[in-house]
Amino acid sequence: MEHQILIGENREKPTSRNNLILYFHYLLDKKSNYFFLNEDTLENLLDQLNNLVMIKDVSYWLTVVRINELSLLCTENYANNGEITLVGDLLLNPRLVLIHVRGQNRPLIKKRHTPLTEQFRSVADSFPGVVQWLKTETSLETKTPALLPFLHEKLKESGYFRKEYFDSLDKRKTRIAELTRFLSAAGITDSLDLYRWRKNVRPSDRELMESRFCCCNLDRFLELGHQVRKLAQGPSMPARFQIRESDKWNNGIFVNQNRSRATFEIQNPGD
């Protein structure tokens with residue numbers, strides 16, 4: 001492909017802005033494998049983007065969309081494999097929560113997967129005493145939200161994206177949440193539980209569960225990469241263009257029954 005000439009692995013990092021965009025999307029493509037995707041990898045990609053690209057124009061925001069897409073695909077994959085805790089970390093569980101204790105100048109950091117009553121069990125002799133102390137002596141501050149809500153708000157505040165795009169994200173996250181609730185109700189909390197359940201369950205029950213699985217479709221991610229490369233290799237980066245969804249399964253829901261396509265249009269901020 002043409003962009004690989006500019007950003008081959010043995011070459012130095014490019015310096016022109018368009019080549020930086022191409023270079024970063026090459027990195028994204030290299031990471032678009034479920035074996036590579038996890039919360040740390042996704043956070044690092046976002047940090048690298050912000051260190052590489054200073055001007056937040058349409059090419060920057062499309063790149064954030066691709067990182068968001070990888071984050072959703074990673075979460076969908078976790079959900080399909082019954083990894084409930086990992087789904088919760090990307091979808092709901094804040095990455096950093098500060099605990100402000102009355103009379104202390106510096107806040108404490110909440111342990112991410114530990115209940116507050118467990119983290120502070122030494123402050124009182126009984127569970128009700130710990131609860132009372134937490135109510136009267138502490139307050140919580142969410143410093144860094146979970147990655148998916150963080151990216152959702154970041155994209156929303158940019159002003160570049162129409163409501164239809166965010167509606168499509170909400171549908172996918174709802175499907176993930178419904179699948180994890182279904183798995184939790186069946187007592188499944190990780191991939192080993194899911195493997196045992198699928199091995200022993202009746203075929204009809206297995207079919208019911210699999211019908212709830214997420215699609216994990218790379219089409220949108222790949223199409224966005226194609227659009228960004230096409231734009232970056234042109235004489236200038238336009239402020240407006242359209243992204244069209246695949247004709248196939250989208251977000252786990254078949255949306256093309258009448259052969260029409262859903263359109264998500266990127267707009268100028270303030271339009």
Side-chain angles (χ1 to χ4, degrees), residues 37-54 56 60-61 63-65 67-79 82-161 163 165-167 169-170 172-181 183-185 188-190 269:
L37 290 177
N38 56 49
E39 186 180 60
D40 287 343
T41 298
L42 294 163
E43 285 183 319
N44 287 337
L45 285 170
L46 193 57
D47 289 341
Q48 286 179 59
L49 172 64
N50 288 324
N51 289 331
L52 273 175
V53 181
M54 298 294 108
K56 295 185 177 181
Y60 170 86
W61 290 111
T63 308
V64 176
V65 168
I67 295 174
N68 185 62
E69 185 64 24
L70 285 182
S71 301
L72 275 165
L73 288 166
C74 181
T75 311
E76 289 171 338
N77 183 54
Y78 284 154
E83 295 291 350
I84 306 301
T85 299
L86 296 176
V87 171
D89 283 348
L90 286 167
L91 196 61
L92 296 170
N93 194 4
R95 287 169 287 163
L96 177 61
V97 174
L98 299 181
I99 306 163
H100 298 276
V101 180
R102 189 191 302 272
Q104 293 189 16
N105 293 327
R106 292 186 177 181
L108 304 174
I109 295 175
K110 182 188 180 301
K111 296 179 181 179
R112 196 173 188 195
H113 298 118
T114 303
L116 285 171
T117 50
E118 176 67 20
Q119 184 171 339
F120 292 98
R121 61 181 177 177
S122 62
V123 300
D125 295 330
S126 65
F127 180 81
V130 175
V131 173
Q132 184 61 27
W133 181 85
L134 289 168
K135 285 182 177 179
T136 59
E137 301 298 324
T138 68
S139 61
L140 302 183
E141 177 189 3
T142 299
K143 198 71 176 176
T144 312
L147 190 59
L148 281 173
F150 173 80
L151 289 169
H152 188 106
E153 285 306 307
K154 186 177 176 73
L155 290 167
K156 207 166 188 178
E157 289 170 4
S158 75
Y160 274 99
F161 303 94
K163 180 179 180 296
Y165 171 67
F166 297 106
D167 289 344
L169 299 183
D170 288 338
R172 291 174 72 180
K173 286 185 275 191
T174 298
R175 189 175 183 88
I176 293 168
E178 289 175 347
L179 174 58
T180 54
R181 280 196 294 268
L183 294 173
S184 296
I188 295 167
T189 60
D190 58 31

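Values below: every heavy atom of this structure, side chains too, minus hydrogens, waters and symmetry copies. Numbering of residues begins at 1 and proceeds along the displayed sequence. Because the structure is a prediction, the values reported are computed rather than measured.
Here the closest non-hydrogen pair linking Ala124 and Gly129 is CB-C, 3.5 Å. Pairing each heavy atom of Val87 with each of Ala79, the nearest pair is CG2-N, 3.4 Å.
In this structure, the side chains of Glu69 and Arg172 come closer than 4.5 Å at one or more pairs of heavy atoms. Looking only at side-chain heavy atoms (C-beta outward), Leu49 and Asn51 stay at 4.5 Å or farther from each other. Using a 4.5 Å heavy-atom cutoff, the side chains of Pro94 and Thr144 are not in contact. Contact check for Asp89 versus Tyr78: no side-chain heavy atoms found under the 4.5 Å cut-off. Counting only heavy atoms from C-beta outward, the side chains of Val101 and Trp133 approach each other to under 4.5 Å. Using a 4.5 Å heavy-atom cutoff, the side chains of Glu157 and Leu155 are not in contact. Using a 4.5 Å cut-off on side-chain heavy atoms (C-beta onward), Pro107 and Ile99 make no contact. When side chains are defined from C-beta on, Ile84 does not count as touching Asp190, because their heavy atoms never get closer than 4.5 Å.
Once rounded to the nearest 0.5 Å, the distance linking OG1 of Thr85 with CG of Asn93 reads 9.0 Å. Interatomic distance, CD1 of Ile176 versus CG of Leu72, reported as 5.5 Å (0.5 Å rounding). To the nearest 0.5 Å, the span separating CG on Leu45 from OG on Ser71 amounts to 8.5 Å. With rounding to the nearest 0.5 Å, the separation of CG in Asp47 from CG in Leu52 is 11.0 Å. How far OG1 of Thr138 is from CG of Leu116: 7.0 Å, rounded to the nearest 0.5 Å. Between the CG atom of Leu151 and the CG atom of Leu42 there is a distance of 8.5 Å, given to the nearest 0.5 Å.
A salt bridge links Glu43 to Arg95: at least one charged side-chain nitrogen sits closer than 4.0 Å to a carboxylate oxygen. Under a 4.0 Å N-O distance rule, the pair Arg112/Glu39 qualifies as a salt bridge.
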Original post:
Yes or no on side-chain contact (heavy atoms from CB on, under 4.5 Å) for Glu141 and Val97, after CA distance, side-chain angles and deciding distance?
Top reply: CA-CA 6 Å; Glu141 177 189 3; Val97 174; over 6 Å; no

**OP:** Evaluate side-chain contact (heavy atoms from CB on, under 4.5 Å) for Asn68 paired with Leu148, printing each intermediate quantity in order.
**Re:** CA-CA 7 Å; Asn68 185 62; Leu148 281 173; 3.8 Å; yes

Original post:
Which is it for Lys173 and Glu178 under the salt bridge (Lys or Arg N to Asp or Glu O under 4.0 Å) test, yes or no, and what are the steps along the way?
Top reply: CA-CA 9 Å; Lys173 286 185 275 191; Glu178 289 175 347; over 6 Å; no

Subject >> Audit row: Asn77, Thr75, side-chain contact (heavy atoms from CB on, under 4.5 Å) steps and yes/no >> reply: CA-CA 5 Å; Asn77 183 54; Thr75 311; over 6 Å; no

Subject >> Verdict with supporting geometry, Val130 and Glu118, side-chain contact (heavy atoms from CB on, under 4.5 Å) >> reply: CA-CA 9 Å; Val130 175; Glu118 176 67 20; over 6 Å; no

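Between the side chains of Tyr60 and Asn50, at least one donor N or O lies within less than 3.5 Å of an accepting N or O. Asn38 and Thr41 share a donor-acceptor pair across their side chains, judged by distance under 3.5 Å alone.
The number of heavy atoms from other shown groups lying within 6.0 Å of CG (Leu140) is above 12. Within 6.0 Å of NZ in Lys143 there are 12 or fewer heavy atoms belonging to other residues, nucleotides or ligands.
Judged by distance alone, with hydrogens and angles left aside, the side-chain atoms of Gln119 form a donor-acceptor pair with the main-chain N or O of Lys111 at under 3.5 Å.
Ring pair Phe166/Phe161 is perpendicular by interplanar angle, where above 60° counts as perpendicular and below 30° as parallel.
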